[in-house]
Amino acid sequence: TFIVFSVPMLLSFLGGRLADRGNRYRIMYIGFGVVAMCWMVYGSTHDLAVLLVFCAVEGFAYALALPAKQAFLVMTSPARWLGSVQGLESSAMNVAAFVGTVTAPFLYGRISGYTITLGGLVAFAGLVMTAPTLSRQWRRLTA
């Protein structure tokens with residue numbers, strides 16, 4: 001599953017080119033929305049073929065979303081704080097991974113494989129909650 005997920009991520013350079021030519025905000029949100037939906041599927045399937053298809057889809061979605069997110073972050077950060085902002089974003093991602101790793105065994109004991117579905121729902125909720133603010137920022141930058 002990791003190979004099927006990772007191989008499409010080798011196309012991140014194409015995601016970067018698309019981010020340079022398109023709407024970074026939209027690419028980022030569509031990509032991360034697809035990732036969240038893949039997580040929701042992972043927790044609700046026992047079919048290896050379905051799992052492998054969604055692993056590939058998630059890899060492609062990350063290949064699109066990550067370069068757009070990084071470019072969006074650079075665009076929206078004051079130059080003097082760029083390193084701090086990127087460090088904060090990296091720390092936030094690592095904290096989320098840590099919290100997920102620590103809570104997953106407990107959640108798995110309670111709700112089984114739906115733990116990752118819950119993770120997808122939380123990720124999707126995060127996208128919905130941040131969309132208005134980041135959309136305004138994108139419109140301001142591209143006006």
My understanding is that only residues two or more places apart in sequence, or in another chain, count here; which of them pass side chain to side chain contact (heavy atoms under 4.5 Å, CB included) with [X]?
X	value
R80	none
V102	F98
D20	R24
S84	none

Scan the side chains in residues 43-60 for donor-acceptor partners under 3.5 Å anywhere in the protein, sequence neighbours excluded, and list what turns up.
unit_1, atom_1, unit_2, atom_2, d
S44, OG, M40, O, 3.3
S44, OG, V41, O, 3.1
T45, OG1, D47, N, 3.1
D47, OD1, A49, N, 2.9
E58, OE1, Y42, OH, 2.6
E58, OE2, W39, NE1, 2.8

What distance separates [X] [atom1] from [Y] [atom2], expressed to the nearest 0.5 Å?
X	Y	atom1	atom2	value
M28	L66	CE	CG	11.0 Å
R136	L134	CZ	CG	9.0 Å
L64	I30	CG	CD1	9.0 Å

Problem - Under 3.5 Å: donor-acceptor pair, side chain of S90, backbone of Q86 - result: no
Exercise for the section: Report yes or no: does Y29 contribute a side-chain atom to a donor-acceptor pair with the main-chain N or O of A131 at less than 3.5 Å? Expected result: yes
Could you report the tightest heavy-atom contact between [X] and [Y], atom names first, then the distance?
X	Y	value
L118	I111	CD2-CD1, 4.2 Å
A61	G31	CB-O, 3.4 Å
I27	A68	CG2-CB, 3.7 Å
V85	S77	CG1-OG, 3.2 Å

Excluding sequence neighbours, so at least two apart, what forms side-chain hydrogen bond (donor to acceptor under 3.5 Å, both in side chains) with [X]?
X	result
Q137	R140
Y114	none
S135	R139

Practice task
Say whether F2 and Y62 are linked into one hydrophobic cluster, either directly or through other cluster members, by side-chain heavy-atom distances under 4.5 angstrom.
Solution key: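 Cluster IDs for F2 and Y62 match.
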Side-chain polar contacts of residues 7-14 - donor-acceptor pairs under 3.5 angstrom, sequence neighbours left out - could you list them?
unit_1, atom_1, unit_2, atom_2, d
S12, OG, M9, O, 2.8

Problem - Qualifying residues under ring pair (Phe, Tyr, Trp, His ring centres under 6.0 Å), relative to F32, sequence neighbours excluded - result: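 Testing F32 for ring pair (Phe, Tyr, Trp, His ring centres under 6.0 Å), a comparison that skips the adjacent residues, returns none.
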Could you list the donor-acceptor pairs under 3.5 angstrom formed between side-chain atoms of residues 121-129 and any protein atom two or more places apart in sequence or on another chain?
none

Problem - Co-members of the apolar cluster containing L88 [side chain, <4.5 Å] - result: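 Members besides L88: none; it forms no cluster.
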